[in-house]
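These notes concern the structure reproduced below.
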Number of protein chains: 2
Amino acid sequence: MKYIEKLRNSGLRPTKQRLQICEVLFNSEKTFHFTINDLDQKIKKQISDKISLATIYNTVHAFEKKGYLKQIPINSNQIYFDTNISDHHHFYDLKEEKLIDLENADVGPINILKKINGKKIKSVEVLVKLED
Amino acid sequence: MKYIEKLRNSGLRPTKQRLQICEVLFNSEKTFHFTINDLDQKIKKQISDKISLATIYNTVHAFEKKGYLKQIPINSNQIYFDTNISDHHHFYDLKEEKLIDLENADVGPINILKKINGKKIKSVEVLVKLED
DNA sequence: GTAGTACTTTATAATGATTCTAAAAAGGTG
DNA sequence: CACCTTTTTAGAATCATTATAAAGTACTAC
């Protein structure tokens, strides 16, 4: 299986559940945005075994920590994740409550002029809210 | 009282509670970031009357809708608000879990090249995550 | 392969922020 | 003041997320 090494290399045991979640998350043409609830539904559709909600939470957090998923900073009652881990940004359509990718090339270069002593920049994320 | 007109002009009755919350939010030299819990604490310290938590929620949402407060897009278990409603951005210190204002001038001009049909840009918000 | 250990999964309970409810209180108008 | 509408309130309800602790599984050494 193609995800066994990936998991092992990052110190995660390649359990059946994790491999199945990898299939759902990473085995698709396009990257996508999801909430835990979205993912739970998707798993129910695509996987015949049942995976407990707690495991889904654990796995998503583990994958995020390892850098296989990114959280999308947005105010919502649920946390949004992205399988696109490249450096990029988002549109947020307020009416449809939908996220749309915004590649780095679609945003001019961003230069943060202010420096904070002893801290370094980990990421720069742009959220563009859209209305009709 | 200086906030009576402000409230009346936006169609909100100037109740005792709303005026007191205005004092706490807007009667300070500097703008600040807060969660509902932060605000609740601040009110308890500064105001002798008790204001119910439900009223604080109602009022903050009403003020946000009227444009007197802004939500800060950030993934957290609590919603962060800002009394600084000018067009600006934020640093987020991951370790200290603290927000720091980033004026527009501290960020180079941002040019969103991609257009979405039938939608217009309402806001562009930048979140810069900081680590040690 | 087996034994031992550490990690993982699981169902369920607990937590905690936010929203809902419906009754009491207060503001606004004539 | 009398009336109607808006607002406040305490407490209950909701819902995403996290904690718990027992059972199951992966890995390592022999």
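Convention: sequence-line order gives letters A, B, ...; per-chain numbering from 1. Quick note: numbers below take in every heavy atom, side chains included, and nothing from hydrogens, waters or symmetry partners.
Looking only at side-chain heavy atoms (C-beta outward), Asn75(B) and Tyr80(A) stay at 4.5 Å or farther from each other.
Taking a 6.0 Å sphere around NZ of Lys114(B), one finds it holds more than 12 heavy atoms contributed by other residues, nucleotides or ligands.
Checking Gln78(B) against Asn37(B) by side-chain atom types alone, no donor-acceptor pair falls below 3.5 Å. Thr55(B) and Asn58(B) form no side-chain donor-acceptor contact under 3.5 Å, judged by distance and modelled atom types alone. Checking Asp101(A) against His33(A) by side-chain atom types alone, a donor-acceptor pair falls below 3.5 Å.
A cation-pi arrangement is not found for Lys2(A) relative to Phe26(A), the charged atom failing to lie both closer than 6.0 Å to the ring centre and inside a 45° cone about the ring normal. Taking the ring centre of Tyr68(A) as origin, the terminal cationic atom of Lys6(A) falls inside the region bounded by 6.0 Å and 45° from the ring axis.
Both Asn77(B) and Lys50(A) lie near DNA chain C, and the one whose nearest nucleotide falls closer to the 5' end is Lys50(A). Nearest-nucleotide positions on DNA chain C for Thr55(A) and Ala54(B) put Thr55(A) closer to the 5' end. Sequence order on DNA chain D of the closest nucleotides to His61(A) and Ile51(B) puts Ile51(B) first from the 5' end.
Taking a heavy-atom distance under 4.0 Å as the criterion, the stretch of DNA chain C touched by chain B extends 5' to 3' from dA17(C) to dG28(C). Protein chain A contacts DNA chain D over a range whose 5' and 3' limits, counting nucleotides with an atom under 4.0 angstrom from a non-hydrogen atom, are dA16(D) to dC27(D).
If you check every strand for non-hydrogen atoms under 4.0 Å, Asn58(A) touches a base.
Here the side chain of Asn111(A) pairs no donor or acceptor atom with the backbone of Gly108(B) at under 3.5 angstrom.
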